[in-house]
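The chain is numbered in sequence order, starting from 1. What you see is a predicted model, and the numbers here were worked out from it, not measured in a lab.
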Amino acid sequence: MKLTSTFFISIFLLLLPFLGIAQEKKKDSIPVKTERFGIRFGADLFKLSRSLYDKNYKGIEFVGDYRLTKNHYLAVELGNENKTTDDIYMNFTTKGTYIKAGFDYNSYENWLNMQNIIYVGLRYGVSTFSQTLNSYEIYNTNHYFQENATIISGKKYDGLSAQWIEVVAGMKAEIIHNIYVGFSVRFNKLMANNKPDNFDNLYIPGFNRTYNGNFGVGFNYTISYFLPLYKKAYNPNKKVETIDKQKKSK
């Protein structure tokens, strides 16, 4: 019995180096996934197209994001709007610029070499603008005269501002190499609103209409280009990331 035990121990010791090599090969066989990191920048197609068919609207919005980690992105939107609103009792023009900054979280697990995202995010928006009251109507309570009186005003209110937060949900998909199209919806909540005397900010650039009080909604359709800066490779099982020292690959 003692001889048999010694024999098996000797066989095990002889096979131990080969087992180590096999284990090393097994580790090496685990596929390593490479992710590209960089900047994506583009524009809102909805605002550009609306400027062509709506004579009362001129606007543009630039969008961008920077990938921080596997699932986290810094995001920013910068825009300008010039909109004339022809309401039932008034006509006014809003002009101004805005910036929205925040982050996105990607909840979509891509296939190999794909970088589409389905995300939720948060933005903080700031807008500076002016309001011009072009004309307004005075309601006529006299039953003998049915028409309301229209007053031409032209009064301008400068130095207005507003701040808000946005909850964002959307997606971006690569249609051709490094070219992405996207769509997002936004739910807004006003945090600060500098209103002029005897008037209200019924439209705020970047926020949209304020007819529902401090809450609003918005959306955008975007096209953007992805500029790769570097790559990271990680083992999906170990979640370990390593920076690729080689040159960037577009």
Side-chain angles (χ1 to χ4, degrees), residues 34-52 57-83 94-110 113-129 161-191 204-208 216-232 241 243-244 247-250:
T34 300
E35 297 278 356
R36 297 185 300 164
F37 286 69
I39 300 173
R40 183 168 26 214
F41 53 91
D44 181 4
L45 292 177
F46 174 72
K47 286 184 172 61
L48 287 175
S49 61
R50 184 180 178 184
S51 299
L52 298 176
Y57 181 87
K58 298 294 180 184
I60 189 170
E61 179 179 281
F62 298 103
V63 299
D65 62 60
Y66 176 74
R67 191 176 187 183
L68 289 174
T69 69
K70 181 176 181 292
N71 294 318
H72 294 86
Y73 296 75
L74 286 178
V76 65
E77 289 115 24
L78 176 66
N80 177 276
E81 288 188 293
N82 181 340
K83 184 181 185 303
T94 306
K95 297 180 181 180
T97 60
Y98 62 89
I99 184 171
K100 297 183 280 187
F103 68 90
D104 293 328
Y105 176 79
N106 178 28
S107 60
Y108 180 71
E109 186 66 32
N110 279 287
N113 297 325
M114 295 180 63
Q115 291 183 250
N116 303 324
I117 65 173
I118 299 175
Y119 63 92
V120 293
L122 193 67
R123 303 281 190 277
Y124 194 86
V126 178
S127 179
T128 58
F129 54 97
S161 63
Q163 301 177 39
W164 66 92
I165 56 174
E166 291 184 357
V167 177
V168 185
M171 55 82 65
K172 293 178 183 177
E174 188 175 19
I175 52 172
I176 57 177
H177 185 57
N178 290 340
I179 302 296
Y180 289 77
V181 294
F183 170 78
S184 70
V185 293
R186 285 109 189 289
F187 302 93
N188 312 331
K189 171 67 168 64
L190 271 175
M191 305 300 293
I204 297 174
F207 181 89
N208 215 333
V217 294
F219 62 92
N220 68 0
Y221 297 98
T222 61
I223 184 167
S224 54
Y225 174 78
F226 176 68
L227 178 64
L229 299 178
Y230 61 94
K231 295 189 296 183
K232 282 186 179 181
E241 296 182 353
I243 298 178
D244 187 354
K247 294 182 179 179
K248 65 182 181 181
S249 175
K250 294 185 179 181

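- Lys172 and Asp65 get closest at one heavy-atom pair: NZ-OD2, 2.7 Å.
- Closest approach of Asn208 and Val217 over heavy atoms only: ND2-O, 3.3 Å.
- Using a cutoff of 4.0 Å between basic side-chain nitrogens and carboxylate oxygens, Arg67 and Asp104 are not scored as salt-bridged.
- A ring pair (Phe, Tyr, Trp, His ring centres under 6.0 Å) with Phe37 holds for exactly one of Tyr66, Tyr230, Tyr73; it is Tyr230.
- For OH of Tyr57, the number of neighbouring non-hydrogen atoms (other residues, nucleotides, ligands) closer than 6.0 Å is greater than 12.
- Using cut-offs of 30° and 60° for the angle between ring planes, the Tyr221 and Phe183 rings count as tilted.
- Here the closest heavy-atom approach between residue Glu81 and residue Gly206 is recorded as OE1-N, 2.9 Å.
- Scanning both residues, Leu227 and Phe41, for their nearest heavy atoms gives CB-CE2, 4.2 Å.
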Original post:
Are Tyr105 and His72 close enough, and set up right, to give a side chain to side chain contact (heavy atoms under 4.5 Å, CB included), and what steps lead you there?
Top reply: CA-CA 5 Å; Tyr105 176 79; His72 294 86; 3.5 Å; yes
Subject >> Audit row: Phe46, Glu61, side chain to side chain contact (heavy atoms under 4.5 Å, CB included) steps and yes/no >> reply: CA-CA 9 Å; Phe46 174 72; Glu61 179 179 281; over 6 Å; no
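- Listed for the Asn71 side chain is no donor-acceptor partner under 3.5 Å among the backbone atoms of Ser107.
- In this structure, CZ in Arg40 is found 5.5 Å from OH in Tyr180, a value given to the nearest 0.5 Å.
- Atom OG of Ser224 is separated from atom CG of Asn178 by 10.0 Å, given to the nearest 0.5 angstrom.
- In this structure a side-chain-to-backbone donor-acceptor pair under 3.5 Å is present from Ser127 to Thr97.
- Here the straight-line distance linking atom CZ of Phe219 with atom CG of Asp44 works out to 8.5 Å at 0.5 Å rounding.
- Tyr98 and Glu77 form no side-chain donor-acceptor contact under 3.5 Å, judged by distance and modelled atom types alone.
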Subject >> Pair Met171-Tyr108, side chain to side chain contact (heavy atoms under 4.5 Å, CB included): steps then yes or no >> reply: CA-CA 9 Å; Met171 55 82 65; Tyr108 180 71; over 6 Å; no
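- Closest approach of Ala162 to Leu190, counting heavy atoms only: CB-CD2, 4.2 Å.
- In this structure, CD1 on Ile117 lies 5.5 Å from CG on Asn106, to the nearest 0.5 angstrom.
- Using a 4.5 Å heavy-atom threshold, the side chains of Thr94 and Pro205 count as touching.
- Panel note: side chain Ser51, backbone Gly59; a donor-acceptor pair is recorded below 3.5 Å.
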Subject >> Candidate pair Ile179 and Tyr225, rule side chain to side chain contact (heavy atoms under 4.5 Å, CB included), full reasoning >> reply: CA-CA 5 Å; Ile179 302 296; Tyr225 174 78; 3.5 Å; yes
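- Between Glu174 and Asn116 the shortest heavy-atom distance is N-OD1, 2.8 Å.
- Within the 4.5 Å cutoff, side-chain heavy atoms of Glu109 are placed close to those of Lys70.
- Just one of Lys100, Arg123, Lys189 meets the side chain to side chain contact (heavy atoms under 4.5 Å, CB included) condition when paired with Trp164; it is Lys100.
- Counting heavy atoms from C-beta on, the side chains of Val167 and Leu122 come closer than 4.5 Å.
- How far CG of Leu52 is from NZ of Lys58: 7.0 Å, rounded to the nearest 0.5 Å.
- The closest side-chain heavy-atom distance from Lys47 to Ile60 is not below 4.5 Å.
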